[in-house]
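These numbers come from a predicted model, not from an experiment. Computed from heavy atoms alone, side chains included, the values below leave out hydrogens, waters and symmetry copies.
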Amino acid sequence: MKQTNKLLTIVTCTYNRQEKLRKLFNSLIEQELFNFEWLIIDDCSNDNTEQLVRKWQKNKEFCILYHKMQKNGGKYKALNYAFGLINTPLFLIIDSDDYLVKGGTTIISNAWNKYKDKNIGSIIMEHGNTGINDPMLKIRDNGHIDYRYYYMLRNHIIGDYADVFVTSCVCKFRFPEFENENFMSEQPLYYWLSKRYKSVFLSEIITIGEYLDTGLSKNLRELEIKNWQCTLYESNLFLGSDTPLWYRLKKGVLYDFIVIKKRKNIFNYISRASNKWILIISFLPATLYACFKYRGQR
């Protein structure tokens, strides 16, 4: 791919979201600093996404790179494809139903100039819900540098941030891909990065969005059951001794629950996990959860 002198790649994975993409495009065209490219990975949409993007590619302010997947595989597979196409020092993943705040690229550029010599793997900022003064998850330790995964668990922080990744730190990462499964969260990426690099936390909103009824954030448990191999892989990552006990137990219950729900051989799957004792301890609560939550279903 042709080299670029831009600082940032904005990565958007989309599937049949042409109307939602308009708001994101409008936020990009209104930026003050056009030091970025927009990389769109179309996960085999069957609406008019391609025609719309081809029209937008005529804009003179910034470059839009469009790639269409041959088969719908989900966001995590689209991200794997995108990681091989990024040629800028930084990248930011923005979902098709979110948008960038005005002056967002300037905020990112200023933050990078300030912290690029700190050997960080990412810059973590806030994701707003209904406006720039309403972050979904407030960052209270502005300028704090720490390992993302461990810092958030240590402080019992669960929620969404806006992560600007340093490309050279992430370029070797790939999500494992499972046939006919299209959902895996981005937690394996955060975990992988946190074992290698620290991140800087900045109390400033750069992206805005809301959870849609059709989005992946809804009906999470059903998605985890449907994409059970992805769920087991992800849960197993967090069973090790580097993870706080309370979170290991939480993931252990989820792991056992999925095995029970999918009617797999529980002994087989416990034996292949990274922490058998956690899964043994979690088995009873997972069984009770499965019985009460899905009682009457077959």
Side-chain angles (χ1 to χ4, degrees), residues 1-43 45 47-69 75 78-79 81-113 122-136 160-167 170 186 202 204-212 215-216:
M1 192 174 182
K2 184 173 67 174
Q3 292 295 313
T4 176
N5 59 357
K6 303 297 185 182
L7 173 67
L8 175 71
T9 296
I10 294 172
V11 179
T12 300
C13 304
T14 186
Y15 176 67
N16 289 345
R17 290 284 184 87
Q18 65 178 77
E19 292 305 318
K20 297 298 177 182
L21 278 172
R22 291 180 187 274
K23 195 168 189 177
L24 175 51
F25 172 74
N26 289 336
S27 75
L28 298 182
I29 204 72
E30 293 173 356
Q31 293 299 309
E32 303 163 348
L33 182 61
F34 295 98
N35 61 343
F36 65 92
E37 298 178 337
W38 189 18
L39 173 60
I40 300 174
I41 307 297
D42 185 345
D43 196 18
S45 296
D47 61 1
N48 292 320
T49 294
E50 182 170 0
Q51 293 90 325
L52 191 63
V53 173
R54 296 302 182 194
K55 178 181 177 181
W56 291 340
Q57 285 181 318
K58 298 177 183 178
N59 91 87
K60 305 298 183 182
E61 301 294 350
F62 61 92
C63 177
I64 300 177
L65 307 171
Y66 176 81
H67 295 264
K68 188 167 186 176
M69 305 287 283
K75 180 181 177 181
L79 284 175
Y81 186 75
F83 291 156
L85 300 173
I86 299 170
N87 282 294
T88 55
L90 305 176
F91 73 90
L92 167 66
I93 301 168
I94 302 185
D95 289 343
S96 54
D97 49 332
D98 297 339
Y99 62 94
L100 193 65
V101 300
K102 188 173 182 180
T105 55
T106 302
I107 294 171
I108 293 170
S109 180
N110 291 340
W112 177 239
N113 288 335
S122 67
I123 303 168
I124 301 172
M125 287 181 271
E126 295 167 343
H127 180 65
N129 187 8
T130 58
I132 61 173
N133 294 319
D134 184 21
M136 289 185 179
D160 284 344
Y161 285 135
D163 295 66
V164 180
F165 295 97
V166 179
T167 306
V170 184
E186 290 164 39
L202 300 180
E204 193 154 15
I205 293 175
I206 57 168
T207 57
I208 303 287
E210 60 182 355
Y211 293 122
L212 302 176
L216 292 178

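Looking only at atom types and distance, the side chain of Q51 has no donor-acceptor partner in the side chain of R54 under 3.5 Å away.
Of the inter-residue distances, the one linking I205 atom CD1 with M125 atom CE reads 11.5 Å to the nearest 0.5 angstrom. Rounding to the nearest 0.5 Å places CD of Q57 at 7.5 Å from CG of L65. One distance of note links CG of N129 with OG1 of T207; it measures 11.0 Å at 0.5 Å rounding. Taken to the nearest 0.5 Å, the OG1 atom of T9 stands 11.5 Å off from the CD1 atom of I93. Here CG of L92 is found 12.0 Å from CG of L39. Values are rounded to the nearest 0.5 Å. One finds the CD1 atom of I10 at 10.5 Å from the CD atom of E37 (value rounded to the nearest 0.5 Å).
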For residues 28-35, please give each side-chain donor-acceptor pair under 3.5 Å, one per line with the distance, not counting sequence neighbours.
unit_1	atom_1	unit_2	atom_2	d
Q31	OE1	G103	N	3.4
Q31	OE1	G104	N	2.9
Q31	OE1	T105	N	3.1
Q31	OE1	T105	OG1	3.4
Q31	NE2	S27	O	2.9
Q31	NE2	V101	O	2.9

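Across all their heavy atoms, V53 and I64 have their closest contact at CG1-CG2, 3.9 Å. Nearest heavy-atom pair, S122 versus V166, reported as atom, atom and distance to 0.1 Å: N-CG2, 4.1 Å. Here the closest non-hydrogen pair linking I41 and A82 is CG1-CB, 3.8 Å. The two atoms that bring V11 and I86 nearest to each other are CG2-CD1, 3.9 Å, heavy atoms only. When all heavy atoms of N48 and Q18 are compared, the closest pair comes out as N-OE1, 2.7 Å. Closest approach of T14 and S96 over heavy atoms only: OG1-CB, 3.6 Å.
Applying the ring pair (Phe, Tyr, Trp, His ring centres under 6.0 Å) criterion to Y15, with sequence neighbours excluded, gives no partner residue. Annotation: salt bridge (charged side-chain N to carboxylate O under 4.0 Å, His left out) contacts of D43 (sequence neighbours excluded): none. Scanning for ring pair (Phe, Tyr, Trp, His ring centres under 6.0 Å) contacts around Y66 gives an empty result, with sequence neighbours left out. In terms of the salt bridge (charged side-chain N to carboxylate O under 4.0 Å, His left out) criterion, residue partners of E186 (sequence neighbours excluded) are, by chain and number, K75. Not counting sequence neighbours, the partners of F91 by the ring pair (Phe, Tyr, Trp, His ring centres under 6.0 Å) test are F83, F165.
With hydrogens and angles disregarded, a donor-acceptor distance shorter than 3.5 Å links the side chain of T167 to the backbone of P89. Without hydrogens or angle criteria, N16 side chain to D47 main chain gives a donor-acceptor distance under 3.5 Å. T12 places a side-chain N or O within 3.5 Å of a backbone atom of I94 that can act as its donor or acceptor partner.
In this pair, W56 and F25 present their aromatic rings parallel. The plane angle is below 30°, not in the 30 to 60° band.
For the pair T88/L7, no side-chain contact is recorded, criterion being any heavy-atom separation below 4.5 Å from C-beta on. Counting only heavy atoms from C-beta outward, the side chains of I123 and W112 approach each other to under 4.5 Å.
Heavy atoms of other residues, nucleotides or ligands lying less than 6.0 angstrom from NZ of K23 number 12 at most. The number of heavy atoms from other shown groups lying within 6.0 Å of NZ (K68) is above 12.
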### Trace of the side-chain contact (heavy atoms from CB on, under 4.5 Å) decision for L52 with R22
CA-CA 9 Å; L52 191 63; R22 291 180 187 274; 3.7 Å; yes
